[in-house]
Amino acid sequence: MSGTKFSALPGDFEEGAEVFEAVTLEEQQHLGADGENGTRSFSALSEETSTETEIPCAELESMGVCGLSPSWLQRFATPQWFLCALCLFTLAQSMTIQGFVPVVISSLEKRYGLSSTESGFLVSWFDVVVSVSVLVVAHFGHHANIPVWLGRAILALSLGCFLFAFPQFVGARYSPASSLTGAEVCPESADTEHCAASEKGMYGLLLVGQLFIGLASAPLYTLGVTYIDDNVAPTKNPLYIGVFYTFAAVGPAFGFVLGGVFLAYWVDPGVSTTLTADSSGWVGAWWAGFLLSSGLALLFSPLVFVFPSRLPNTQWIRTLRARAKSQSEKSWAQSHPRDRSWSAFFLDIKSLLYNKPFMFTQFGCAAETLVVAGVGTFLPKVVETQFLLSSSEASFLTGVSVIIGAAGGIFLGGWLSKHWSAKANARFIALTVFVSLCCTTATLIHCAPINLVGESSSYSIINTTTTGAMGVCNSHCNCSQITYRPVCADSLGQTFQSVCHAGCQSSLSSSLFSNCTCLPSLNATVSDGKCRGDCNLLPVFLVVLLVLMLFSFFNQVPATTITLRTVSEHERSLAMGFGSVVYRLFGAIPGPLIIGAVLDRSCLFWQTTCDGSRGSCWEYDADDVSKAIFVSLLVIKCCSFTLFSLAWYFIDPTAESSSTDSHLHNGNGNGAHQDDESESTVTETIELEAPRSTSLSSLQDSHGNASL
């Protein structure tokens with residue numbers, strides 16, 4: 001095709017719009033100079049390239065379900081209404097998996113006696129399911145009725161959220177064995193009434209719930225984006241996808257805020273308790289958010305089911321894409337005479353593996369994902385521990401900082417890097433990773449750890465020094481070792497495991513106790529709760545955390561740009577899929593497991609269940625938690641900085657421009673010199689290709705708004 005003339009749509013920074021890059025002079029002449037000839041050419045080309053001619057267009061393009069297609073419903077068969085339905089889907093999904101799940105981690109550990117490693121696997125299980133199922137969805141779903149697949153996915157999300165909350169309704173009521181009254185002060189006999197059967201079996205139901213949520217999430221970001229790309233004009237495609245991902249970023253914010261509100265209410269509705277939200281044994285209504293997501297998903301599912309397999313008056317988009325793809329494949333086949341067999345597939349994989357800039361970028365992104373997935377999962381729990389906050393307070397405050405930082409980083413990263421070359425983007429990422437590396441010192445900021453007698457300090461009253469939960473001063477009491485309701489001796493600044501462990505024999509009220517044999521004076525009192533010193537470091541921590549999140553999310557858009565510009569044209573789709581697998585295998589899946597294990601090693605005081613086995617961690621050593629997370633982040637961030645620096649070093653600007661930047665005007669200069677004539681040519685081609693029932697003025701406006 002000697003007459004090939006390459007052009008790029010103004011503002012075309014999204015992969016979905018690249019189908020209009022190649023426009024040949026012969027094809028433009030074939031379309032004709034007037035609209036009538038263009039329409040005839042479009043009709044002929046549609047008949048030639050359509051693969052669905054045996055199915056009537058009215059059936060393919062009619063909104064409805066089970067053969068019912070009322071006329072009033074057809075007015076909603078537009079890309080705008082489909083985008084609304086898809087955004088509601090992604091709002092419910094992201095609110096659940098990236099909002100509610102991290103918020104309720106500490107509550108689930110208390111409720112079902114889970115370690116941080118077990119809760120970390122619960123989170124990683126979602127990514128395992130998505131990694132496996134997305135391959136099947138991508139293969140079979142693209143050639144099926146996409147709205148039907150998405151509708152089934154929403155129903156799976158609804159079922160998964162319900163199953164995740166189901167343990168609350170089939171298990172026994174929560175009894176933390178810490179609702180102590182005066183009758184339980186220094187008992188003469190051991191208390192066994194609070195020994196309830198272990199509910200660790202509910203962990204399996206939580207995994208099943210995550211299984212269905214993962215199955216529901218796989219089609220959302222693959223088939224959903226594909227349907228938009230197939231039914232939206234290329235000049236509007238970036239706007240639609242941008243709105244879609246904006247809702248995906250807003251969802252976690254709703255999850256953090258609403259999750260914090262739900263955790264302020266007791267886990268069992270209608271049951272009174274003497275505990276408060278600040279008590280160590282408090283477990284909030286962790287299940288409420290998942291029931292909300294389940295109901296919303298069930299409500300939204302019909303909105304997607306009724307859409308047709310293709311929207312009316314959009315065949316010209318697919319036709320023009322098919323023609324551009326045909327030209328691209330023909331050109332590629334001439335320069336790459338390999339067949340599309342498994343051998344060719346493995347040759348392409350080998351090409352990617354030997355592509356140093358590409359591989360360094362993917363593993364650098366995996367390291368960043370390891371940080372975000374690992375620390376992000378346990379961040380509310382860590383803040384709760386380090387600053388002695390309630391679960392609801394920690395969830396709300398961390399949610400605000402993380403969401404503002406993440407959303408701001410993604411937006412600013414895309415805006416700043418949109419005109420840069422791949423090498424400039426790599427340099428930018430290395431710089432932002434270095435800044436975020438410096439901000440990891442935020443994990444060293446924390447309030448003074450509690451002084452828990454018998455664990456972090458010894459009993460040293462009345463000339464005796466003993467370690468362990470029991471001392472000489474409380475040996476006359478039969479204190480339960482499954483009970484944890486800490487009390488504070490203000491005069492000593494020490495925290496005891498319970499009133500019994502402080503040796504108290506009298507109660508002045510439900511929260512104030514006296515006549516304690518483990519205190520210097522029998523007139524001294526202990527009060528309910530941990531000893532909390534003055535600490536004003538929380539605002540400083542939240543500000544540094546926001547900056548850390550901001551610079552950690554700067555790399556998302558630039559890294560995608562590097563991926564697309566450092567591989568051959570025909571390897572782009574494979575490169576994106578390969579990168580997704582790398583992110584999950586080396587980042588999202590091991591991240592929660594690694595950080596969970598780090599937290600378990602920093603546990604100060606483990607729960608002991610009635611059968612003598614170890615349950616969840618009751619108290620963490622704040623100093624150990626800070627040091628362990630800081631070292632972990634420092635090592636991972638150093639690896640990330642090294643990998644992105646190597647990607648920057650190995651990127652060849654000349655090879656970069658010859659592979660992909662020649663097709664994009666926002667590259668390193670090649671495309672930037674596209675003349676106005678080529679841009680107007682593309683506009684004319686789009687107008688001629690569009691059927692007359694399509695609003696051409698809207699296309700022109702969109703094109704004009706995107707122009708540089």
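Note that the structure is a prediction, hence the values are computed from the model and not measured.
With sequence neighbours left out, the side-chain hydrogen bond (donor to acceptor under 3.5 Å, both in side chains) criterion links Thr440 to no other residue. For Phe630, there are no ring pair (Phe, Tyr, Trp, His ring centres under 6.0 Å) partners at least two apart in sequence or on another chain. In this structure, the side-chain hydrogen bond (donor to acceptor under 3.5 Å, both in side chains) partners of Ser552, at least two apart in sequence or on a different chain, are Lys637. Residues meeting the side-chain hydrogen bond (donor to acceptor under 3.5 Å, both in side chains) test with Tyr583, sequence neighbours left out: Gln362. The side-chain hydrogen bond (donor to acceptor under 3.5 Å, both in side chains) check on Gln98 picks up nothing, with sequence neighbours excluded. With sequence neighbours left out, Cys535 forms a disulfide bond (SG atoms under 2.5 Å apart) with Cys447. In terms of the disulfide bond (SG atoms under 2.5 Å apart) criterion, Cys639 has no residue partners (sequence neighbours excluded). For Cys87, there are no disulfide bond (SG atoms under 2.5 Å apart) partners, not counting sequence neighbours. For Ala622, the side chain to side chain contact (heavy atoms under 4.5 Å, CB included) partners are Gln386, His446, Pro449, not counting sequence neighbours. Remark: Phe166 engages Phe162 in a ring pair (Phe, Tyr, Trp, His ring centres under 6.0 Å) (not counting sequence neighbours).
Without hydrogens or angle criteria, Ser124 side chain to Ile589 main chain gives a donor-acceptor distance under 3.5 Å. Remark: side-chain polar atoms of Asp600 are paired, donor with acceptor, to backbone N or O of Thr117 under 3.5 angstrom. In this structure, the side chain of Trp125 engages the main chain of Leu207 through a donor-acceptor pair within 3.5 Å. Remark: the backbone N or O of Ile429 is not paired with any side-chain donor or acceptor of Trp648 at under 3.5 angstrom. With hydrogens and angles disregarded, a donor-acceptor distance shorter than 3.5 Å links the side chain of Ser294 to the backbone of Ser158. The main-chain N or O of Ile636 is never found under 3.5 Å from a side-chain atom of Ser640 such that the two would form a donor-acceptor pair. Checked by atom type and distance alone, the side chain of Ser401 never pairs as donor or acceptor with a backbone atom of Thr398 at under 3.5 Å. With hydrogens and angles disregarded, a donor-acceptor distance shorter than 3.5 Å links the side chain of Gln168 to the backbone of Val267. A side-chain donor-acceptor contact under 3.5 Å links Ser293 to the backbone of Gly289.
Of all the heavy atoms in Cys531 and Ile450, the pair that sits closest is O-CG2, 4.1 Å. Residues Ser616 and Leu114 approach most closely at CB-O, 3.1 Å, considering heavy atoms. Nearest heavy-atom pair across Pro252 and Ile403 is CB-CD1, 3.6 Å. Contact record, Ser107 with Leu263: OG-CD2, 3.5 Å, taken as the closest heavy-atom pair. Among all heavy-atom pairs drawn from Val372 and Phe553, the shortest one is CG1-CZ, 3.8 Å. When every heavy atom of Gly376 is checked against every heavy atom of Pro380, the shortest pair comes out as O-CD, 3.9 Å.
Note: Phe428 and Trp420 meet the aromatic proximity criterion, with ring centroids under 6.0 Å apart. In this structure, the ring of Phe100 has its center no less than 6.0 angstrom from the ring center of Phe256. Ring centroid separation for the pair Tyr484 and Phe605 comes in under the 6.0 Å cut-off. A centroid separation of less than 6.0 Å is found between the aromatic rings of Trp266 and Tyr174. Taking the six-membered ring wherever Trp is involved, the centroid distance between the rings of Phe164 and Phe290 falls below 6.0 Å.
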Given the rule in the side-chain hydrogen bond (donor to acceptor under 3.5 Å, both in side chains) test, do Thr443 and Ser626 qualify, once you have shown the distances and angles that lead to the verdict? CA-CA 5 Å; Thr443 57; Ser626 292; over 6 Å; no
Carefully, step by step, assess Glu109 and Ser106 under the rule side-chain hydrogen bond (donor to acceptor under 3.5 Å, both in side chains). CA-CA 5 Å; Glu109 292 177 356; Ser106 62; over 6 Å; no
Step-by-step side-chain contact (heavy atoms from CB on, under 4.5 Å) determination, Met95 to Leu296: CA-CA 11 Å; Met95 180 173 66; Leu296 290 176; 3.9 Å; yes
Given salt bridge (charged side-chain N to carboxylate O under 4.0 Å, His left out), test Glu619 with Lys110 step by step and report yes or no. CA-CA 11 Å; Glu619 286 296 341; Lys110 295 177 186 177; over 6 Å; no
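The distance from atom CG of Leu205 to atom CG of Leu211, rounded to the nearest 0.5 Å, is 12.0 Å. Between His501 atom NE2 and Leu452 atom CG the span is 9.5 Å, to the nearest 0.5 Å. To the nearest 0.5 Å, the span separating CZ on Phe644 from CG on Asn425 amounts to 11.0 Å. Taking SG from Cys84 and CZ from Phe247, the interatomic distance works out to 7.5 Å, rounded to the nearest 0.5 Å. Remark: Thr385 OG1 to Leu604 CG distance equals 11.0 Å, nearest 0.5 Å. For the atom pair Ile629 CD1 and Asp624 CG, the distance stands at 11.0 Å (nearest 0.5 Å).
Ring geometry for Phe169 versus Trp287: interplanar angle over 60°, hence perpendicular rather than tilted (30 to 60°). Between Phe641 and Phe434, the ring planes lie tilted relative to each other; the angle falls in the 30° to 60° range.
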Just list the side-chain donor-acceptor pairs under 3.5 Å for residues 536-548, sequence neighbours left out, or say none.
none

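The salt bridge (Lys or Arg N to Asp or Glu O under 4.0 Å) contacts involving residues 263-272 comprise nothing, where partners must be two or more places apart or lie in separate chains.
The number of heavy atoms from other shown groups lying within 6.0 Å of NZ (Lys530) is above 12. Residue-environment remark: CZ (Phe300) exceeds the threshold of 12 foreign heavy atoms within 6.0 Å.
No hydrogens or angles considered: a donor-acceptor pair under 3.5 Å links the side chains of Ser116 and Lys381.
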